[in-house]
There are 2 protein chains.
Amino acid sequence: MRQNVGMLELAILGFLYDCSLHGYELRKRIAALTGHVRPVAESTLYPAIKRLEKAGLVVRETQPGAVAAPRHVLSLTADGERELRRRLAEPAPADITDENRWFTVLAFLRHLQDTDAQAAVLRRRLDFLQEPVSFFYEGDRPLRAEEVEDPFRQGILTIARATSRAELTWLRKTLASLG
Amino acid sequence: MRQNVGMLELAILGFLYDCSLHGYELRKRIAALTGHVRPVAESTLYPAIKRLEKAGLVVRETQPGAVAAPRHVLSLTADGERELRRRLAEPAPADITDENRWFTVLAFLRHLQDTDAQAAVLRRRLDFLQEPVSFFYEGDRPLRAEEVEDPFRQGILTIARATSRAELTWLRKTLASLG
DNA sequence: TATGCATACCTCGCATTCGATGTACTGCGC
DNA sequence: GCGCAGTACATCGAATGCGAGGTATGCATA
């Protein structure tokens, strides 16, 4: 689906910013970060690497395989580093609203040098979480939590509220410490 | 992306189980349920409706439009109702692990008549949340929360833990009340 | 010695999504 | 009487994801 455009690429760029890696190792790190929620298929990762290579964001260098087949060690180019910082500094709307994508942004946000830029990104998430949200409607009228009788739907509201509260607390604390 | 296969279809089937709706109204309800996280494009919804129609899960009946163009009022067939219950009773792995998809399951879980079947689904989520998860590694060693120095990555752990705790509490309470 | 497992990469084809764009009608403000 | 927003549906092309399948090596275990 198109909804995840860029999430995988962001993860690749983010991990490679730290150090060069070959595809198989990259796959394991991405699996650790987001795999429990959404596993990454090899047939998704390798074409994504090729796209980034074609776009000049990543270069590969073939090395004899340590254990098995030869490895293609991947590194970011200067363009790749720029692109990572751009994607972190100006996340797409879905990067802010979708928790899975937001976590990917957070995982690499330290790569933005400027603490002001980091704070600006956190503030976008803060604004999003502070918007009133209604999950359920009766006709046009949004239902308040107490009005939802279905216990499973109450669960959705309970969990969403707890997450939101925890994240708001953390966001405010972190924004304060960023100055 | 293929990762979301079925999430949209589940939402369509779930809403239509309650009452017949035309596509435009369906879109508004889906937007209320999941749109703040992931908006649904019209060019995604209408083809999805056609797929379900072609599969015999949904039938459409054209009515003169109340305000504008003629409406296609959609209803579930008996097969459609069966399919909804099947998808609720046997959610795909991603329906359990991905919070967005899990919320969609929860939103319609009451449509499973059998409380045992409902409890079985909740237990699958419980099992998933009780598995130990590590987001970050140093080599092969999973890092504990205290060892993660990056404040943004600490945020991920803080938020994930808070969500998990709230949901575990709710799951145990709800499972107890289901008997 | 064979069988399986982990490493390491790749391609093909199908399904799904989405942005752009189009059609057509109604009601509102100006 | 003109434009604009909302209602209501639709198609097309490009991008993306994934399952199935393939290639190849080295190690352990039976």
Side-chain angles (χ1 to χ4, degrees), chain A residues 1-12 20-31 34-35 37-55 58 60-74 92-94 97-98 100-101 104 140, chain B residues 1-12 20-31 34-35 37-55 58 60-74 92-94 97-98 100-101 139-140:
Chain A
M1 60 169 85
R2 205 66 172 319
Q3 306 182 323
N4 280 352
V5 167
M7 176 155 115
L8 177 58
E9 294 182 0
L10 181 62
I12 295 171
S20 298
L21 294 169
H22 58 276
Y24 198 79
E25 175 63 26
L26 198 46
R27 182 165 137 67
K28 287 200 288 186
R29 303 216 181 180
I30 293 172
T34 60
V37 171
R38 286 178 172 283
V40 185
E42 295 198 343
S43 53
T44 305
L45 177 63
Y46 288 114
I49 291 170
K50 290 206 169 172
R51 279 202 301 279
L52 295 174
E53 204 189 351
K54 208 170 162 186
V58 156
R60 76 169 71 193
E61 186 200 345
T62 303
Q63 282 185 353
V67 183
R71 292 167 164 179
H72 296 208
V73 176
L74 307 165
T97 60
D98 184 336
N100 296 333
R101 299 189 57 157
T104 307
D140 276 349
Chain B
M1 64 174 90
R2 204 65 173 316
Q3 306 184 321
N4 280 350
V5 167
M7 176 155 116
L8 177 58
E9 295 183 359
L10 181 62
I12 295 172
S20 299
L21 294 169
H22 57 276
Y24 197 79
E25 176 62 27
L26 198 47
R27 182 165 137 66
K28 286 200 287 188
R29 303 216 180 179
I30 293 172
T34 60
V37 171
R38 285 179 172 284
V40 185
E42 294 198 344
S43 51
T44 304
L45 178 63
Y46 288 113
I49 291 170
K50 290 206 170 173
R51 280 201 302 278
L52 295 174
E53 205 190 350
K54 208 170 161 185
V58 156
R60 78 169 70 193
E61 187 199 345
T62 303
Q63 282 185 354
V67 183
R71 292 168 164 180
H72 297 222
V73 176
L74 308 165
T97 60
D98 184 337
N100 297 332
R101 299 190 59 158
D140 276 349

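Throughout, protein chains are lettered first and strands after them, A, B, ... in sequence-line order, and every chain is numbered starting at 1.
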Can you tell me how far [atom2] of [N] sits from [atom1] of [X], to the nearest Å?
| X | N | atom1 | atom2 | result |
| --- | --- | --- | --- | --- |
| A:D98 | C:dT17 | CG | C1' | 15 Å |
| B:Y46 | C:dG22 | OH | C1' | 14 Å |
| B:R27 | C:dT17 | CZ | C1' | 14 Å |
| B:E25 | D:dA8 | CD | P | 8 Å |
| A:E9 | D:dA15 | CD | C1' | 10 Å |
| A:K28 | C:dA6 | NZ | P | 11 Å |
| A:K54 | C:dC10 | NZ | P | 15 Å |
| A:I12 | D:dG17 | CD1 | C1' | 13 Å |

Does [X] place a side-chain N or O at less than 4.0 Å from the phosphate oxygens OP1/OP2 of [N]?
| X | N | result |
| --- | --- | --- |
| B:R51 | C:dT16 | yes |
| A:H72 | C:dC10 | yes |
| A:Y24 | C:dC9 | no |
| A:K50 | C:dC9 | no |
| A:S43 | D:dG17 | no |

Exercise for the section: Flag the pair A:R60 / A:I49 as yes when at least one side-chain heavy-atom distance between them is below 4.5 Å, and no otherwise. Expected result: yes
Practice task
Flag the pair A:T104 / A:L8 as yes when at least one side-chain heavy-atom distance between them is below 4.5 Å, and no otherwise.
Solution key: no
How far does [atom1] of [X] sit from [atom2] of [Y], to the nearest 0.5 angstrom?
| X | Y | atom1 | atom2 | value |
| --- | --- | --- | --- | --- |
| A:H22 | A:Q63 | NE2 | CD | 9.0 Å |
| A:T34 | A:R29 | OG1 | CZ | 14.0 Å |
| B:R38 | B:R101 | CZ | CZ | 10.5 Å |
| B:E61 | B:H72 | CD | NE2 | 11.0 Å |
| A:M7 | A:I12 | CE | CD1 | 11.5 Å |

Heavy-atom closest pair, residues [X] and [Y]:
| X | Y | value |
| --- | --- | --- |
| A:Y46 | A:Y24 | OH-N, 3.8 Å |
| B:G23 | B:L45 | O-CD2, 3.5 Å |
| B:P47 | B:E42 | CD-O, 4.0 Å |

Handout entry: Quiz item: B:E42 side-chain donor-acceptor pair to C:dC18 base, under 3.5 Å
Key = no
Practice task
Return the angle between end axes of the helix from C:dT1-D:dA30 to C:dC30-D:dG1, with five pairs used per end and rounding to 10°.
Solution key: 20°
Practice task
With the side chain of A:A41 defined as its heavy atoms from C-beta on, choose the nearest nucleotide among D:dC18, D:dG17, D:dA8.
Solution key: D:dC18
List, with names and distances, any nitrogen or oxygen atoms from the protein found under 3.5 Å away from nitrogen or oxygen atoms belonging to nucleotides 26-28 of chain D.
{"unit_1": "D:dG26", "atom_1": "O4'", "unit_2": "A:V67", "atom_2": "O", "d": "3.4"}

